[in-house]
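Accompanying notes for the structure given below.
Just so we're on the same page: letters track the sequence lines, and every chain starts at 1.
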Amino acid sequence: MVNEMAEPLIFHFDVDGDNFTSAGQASVQVKKNLRQLGIDPETIRRVSIAMYEGEINMVIHAKGGEADVIVSDESIEIILKDTGPGIANIEQAMQEGFSTAPDNIRSLGFGAGMGLPNMKRYTDYMQIDSVVGEGTTITMRVNF
Amino acid sequence: MNELSAMQGFKPVAVPDGEREINGVYIGDLLSWVMGRAKADDAWITIMTNINVVAVASLADTACIVLAEGVNPDASVVETANAKGVNIISSEMPAYETAKAIGI
C-alpha cells in the first residue's frame, strides 16, 4: 500500500436509482479518490469495474441503494446494499450470459449477463447475500 | 492518440489526453463484455454512443473510444468525455477496417 494507514478510510455513496445516464458516478468518484491515494492503476481498474457493474445493477434492478468503499492496509472492500427485489437464484445469476435486464437497458449495451461474473473476475473475494423481496448486499474485496 | 486522430479516415471528437499511448485494440458494443475483456490502454472500437460509454472507457482505463462507421455522439457525451479525460475519435470505416488501420 501507499503509506501505513492508522484507520481505514471509508467512502460512502447514495446511488441514485432514477437516472440511468448518471449511473456510475460513485465508481468514477472512487476511482478519483483511489488515484489521489496513489494506489496502483491495475488495482484501481479492478475496483472501478467491479463497483461500476454493481452500481449499474442497483440502478437497473433495485432503484438504487448505498455503496461503501473501505480502504485499509490489506485491501479495498466494496459493500453494495439495496432494498430491491433480491436475486432468486444466485448460481444462475453468476453464469455468464444470464440476464433479467429489460430491453431498454439492453439497447444501451448493458444486460449482457456479464455484470456479476465481471465483479467476481476482478475481485479476490465476493459474497452475495440476497433475500427475495427484501434486497441484496454484495461484499467484494480486492487485496493489495 | 494524437497520431491516430490525425490519420486519414479518423477525426478527433474529444481528445483531452492526446499523449496517451495505445497498446492494443478491442472491438465490442456490449459494455460489460468490454469491461470484462478489454485491457487497459486498448483502443476500444464501438458503435455505441450513449453517455455510459464514457464511464466504461474511464473505469476500464482504455486509451480511447473509437466510434466506427462514422457514428457521432451527442454534444453532452463529448462534453462529459472532455471533463472526464476520456479520448474519443471517430472513423468513417467499419470496425474491422478501423482496427486494421490502427494496426497494432
task = Would you give the length of the straight line joining atom CZ of A:Arg45 to atom CE of B:Met35, rounded to the nearest 0.5 angstrom?
result = 10.5 Å
note = Cut-off 4.5 Å, heavy atoms of chain B, and the answer for A:Arg121 is side chain
ask   = Are A:Ile79 and A:Tyr125 connected, step by step, through hydrophobic side chains (Ile, Leu, Val, Met, Phe, Trp, Tyr) whose heavy atoms are closer than 4.5 Å?
value = no
query = Are A:Ile90 and A:Val131 connected in a single hydrophobic cluster, I mean Ile/Leu/Val/Met/Phe/Trp/Tyr linked by side-chain heavy atoms less than 4.5 Å apart?
reply = no
A:Lys31 side-chain N/O to B:Ser58 backbone N/O, donor-acceptor pair under 3.5 Å = yes
task = Flag yes if more than 12 heavy atoms outside B:Glu79 fall under 6.0 Å of its CD atom; otherwise flag no.
result = no
ask   = Do you know which of A:Lys32, A:Glu53, A:Arg106 has the most heavy-atom pairs with chain B at a distance under 4.5 angstrom?
value = A:Glu53
Reported CE-to-CZ distance for the pair B:Met48 and A:Phe110, which is rounded to 0.5 angstrom = 8.0 Å
key: Minimum heavy-atom distance between B:Leu59 and A:Ile49, given as atom pair plus value   = O-CG1, 3.8 Å
key: B:Ile47 reachable from B:Ile65 in the ILVMFWY side-chain graph, under 4.5 Å edges   = no
inquiry  = Quick check on the hydrophobic clustering: are B:Leu31 and B:Trp33 connected, directly or via other members, by side-chain heavy-atom contacts under 4.5 Å?
reply    = yes
ask   = What part of A:Ser107 is in contact with chain B, defined as an atom under 4.5 angstrom from a non-hydrogen atom: side chain, backbone, both or neither?
value = backbone
inquiry  = When you group the ILVMFWY residues by side-chain heavy-atom contacts below 4.5 Å and let the links chain together, are A:Ile70 and A:Ile39 in the same group?
reply    = no
query = Would a distance-only check, ignoring hydrogens and angles, find a side-chain to backbone donor-acceptor pair under 3.5 Å from B:Asn50 to A:Leu108?
reply = yes
ask   = Taking all non-hydrogen atoms of both residues, which atom of B:Gly36 and which atom of A:Tyr122 are closest, and how far apart?
value = O-OH, 3.3 Å
inquiry  = Check this for me: A:Gln127, atom CD, are more than 12 non-hydrogen atoms of other residues, nucleotides or ligands nearer than 6.0 Å?
reply    = yes
ask   = Among A:Gly109, A:Pro117, A:Ser48, which has the most heavy-atom pairs under 4.5 Å with chain B?
value = A:Gly109
key: Under 4.5 Å from a heavy atom of chain B, the part of A:Gln25 involved   = neither
ask   = With side chains defined as the heavy atoms from C-beta onward, is the minimum distance between A:Met114 and B:Leu30 less than 4.5 Å?
value = no
